[in-house]
Amino acid sequence: MWKDLKINLQRERLLAITNIIVMTLTFLFLSMFVYVVAISQTALKQLEDQAQITVFFKDDFPESKILDLQKNLQSDPRVAQTVYVSKAEAFKIFTEIHKDEPILLKAASPTILPASLEIKAKDLAKLSVLADEFGKKDGVEEVKFYRDVIERFRYWGNIIYAVGFVLTALFLIISYSIVLVTLRLTINAKGTELEILKLVGATDTYVKAPLLFEGTFFGIVSAVIASVIVVLATTVIKATHLFGGSVAFGFVRFDFMLFAILLCVILLISGTLLGYFGSSVAVKKYLKY
C-alpha cells in the first residue's frame, strides 16, 4: 500500500498537497471553534460567578423588612446567594476605598449611605428578571445592574458560535469534496491497471484497499499537522500567561494543556473518519466493481 501511495502522491503531487492543506485548515478551524466555545463558556461562567444586582433601599425602609426579604430570597430557586450590606458596613467599605481622600471622608457619615442587598443568580439570564422585579418593590431606591455588558457579551458570544460553526462546516464539506476529487483522478489514472488486476483474479478488497488507505492517509496527516500546531499554540499561550490555568466545556473544567491534548485526540479521530468515509464514498461512486 505504501508503494501505491507513493506513486499516487508523485503523480498528483499538487492535488495531494492541496488536499492536505485544506484538510489541515479544516481541523484548525474546528480547533479554533472548540477553543472559542470553551473560552466563551469559561468567561461566561466567571461572569456568572461575579455578576450580581445590588438593590439599594430608602433610608426610611426598616432593616427588619430587608432581612425578611433576604430570608425569602434564600428559598427562591433562581437565587444563588444574597448578602446584606448595612449602612455601617457600606460606610466601612466606602472608607477603605477612599482612605487616601481625607477631605471626602470628613464630609461622609454612615447615615448618607443606603443599606443594600447584593443578589447573585444561578442563571445569568435571571439577573435581568430579578432586577426588573426589585425595581418595582416598595422601599427600593435604586437597582444597580450592568445589563448592557452582560447582554452584549451573550450577543457576541452567539455570533461567534454561529460563524465558527458555519466556517467549520464549510471547510468539512470542502475537504470531503477534495478527497472525492483526488481519488476520482487516481481511479481514472489507474483504470487500466485496476481492470487488469480484476482480470487476473484480484479480490475487491485487494483493489479497493490502497484507495481507502490513501484517503485515510490524507485525513490522518492533516489531523497530525493541525494537532502539532494546536499543542504549540497552547504551550505558547500557557507560557505567556495569556489565559488562565483551566477552561470550562459544558459542565466540566479541564486543565488548559489537558484540554489541548483531548482536542488533538478528537482531531485524529475526526481526520481518520473523514478520510476513510470520504474515500469509501469515492470508491463506491467511481470504481465500478
Side-chain angles (χ1 to χ4, degrees), residues 37-160 241-256:
V37 170
I39 292 173
S40 298
Q41 288 187 353
T42 303
L44 186 60
K45 182 62 178 175
Q46 292 176 345
L47 190 60
E48 286 178 342
D49 292 340
Q50 298 175 8
Q52 63 181 30
I53 60 172
T54 303
V55 182
F56 295 99
F57 296 92
K58 296 178 181 179
D59 290 336
D60 58 352
F61 196 71
E63 183 180 55
S64 59
K65 289 188 176 181
I66 300 176
L67 294 176
D68 287 340
L69 182 59
Q70 182 186 21
K71 186 177 180 180
N72 292 334
L73 284 173
Q74 289 173 352
S75 59
D76 191 320
R78 300 170 298 174
V79 177
Q81 181 183 2
T82 61
V83 176
Y84 171 58
V85 181
S86 65
K87 286 177 170 287
E89 290 171 330
F91 182 71
K92 185 177 178 180
I93 295 171
F94 179 84
T95 303
E96 182 63 26
I97 294 174
H98 300 283
K99 59 185 178 181
D100 297 326
E101 302 177 62
I103 298 177
L104 180 62
L105 292 177
K106 188 175 180 180
S109 68
T111 57
I112 68 170
L113 297 174
S116 63
L117 270 181
E118 296 175 351
I119 304 170
K120 292 184 178 181
K122 294 178 181 178
D123 183 358
L124 196 62
K126 300 298 183 184
L127 280 178
S128 179
V129 178
L130 289 168
D132 292 337
E133 289 180 6
F134 275 98
K136 301 173 184 177
K137 287 185 177 293
D138 293 334
V140 174
E141 184 174 3
E142 181 186 4
V143 178
K144 189 176 180 182
F145 171 45
Y146 297 106
R147 187 193 307 267
D148 293 342
V149 175
I150 294 173
E151 290 183 352
R152 193 175 301 135
F153 181 89
R154 296 177 71 90
Y155 171 76
W156 284 108
N158 291 333
I159 288 180
I160 290 172
H241 304 288
L242 293 176
F243 194 74
S246 63
V247 292
F249 197 84
F251 299 101
V252 185
R253 292 190 75 90
F254 297 94
D255 176 79
F256 198 40

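Computed over heavy atoms, backbone and side chain alike; hydrogens, waters and symmetry mates excluded.
For the 3.5 Å distance criterion, the side chains of Tyr84 and Glu89 fail to qualify, holding no donor opposite an acceptor.
Contact detail for Ala90 and Val85: the closest heavy-atom pair is N-CG1, 3.7 Å.
Side-chain contact check for Phe56 versus Lys144: some heavy-atom pair is nearer than 4.5 Å. Side-chain contact between Glu142 and Val140 is absent, with no heavy-atom pair separated by less than 4.5 Å. Taking 4.5 Å as the limit, some side-chain heavy atom of Thr54 sits within range of a side-chain heavy atom of Ser116. Side-chain contact check for Lys58 versus Pro114: every heavy-atom pair is 4.5 Å or farther apart.
To the nearest 0.5 Å, atom CG of residue Leu117 and atom CZ of residue Phe134 are 6.5 Å apart. Between Leu73 atom CG and Lys120 atom NZ the span is 15.0 Å, to the nearest 0.5 Å. How far NZ of Lys126 is from CD1 of Ile53: 13.0 Å, rounded to the nearest 0.5 Å. One finds the CG atom of Leu113 at 7.0 Å from the CZ atom of Phe91 (value rounded to the nearest 0.5 Å). A distance of 10.0 Å separates OG1 of Thr82 from CG of Leu67, quoted to the nearest 0.5 Å.
Listed for the Asn72 side chain is a donor-acceptor partner under 3.5 Å among the backbone atoms of Asp68.
Salt-bridge annotation for Arg78 and Glu133: present, with a side-chain N of the basic residue lying under 4.0 Å from a carboxylate O of the acidic one. A salt bridge links Lys87 and Asp59; the closest N-O separation between the charged side-chain nitrogens and carboxylate oxygens is under 4.0 Å.
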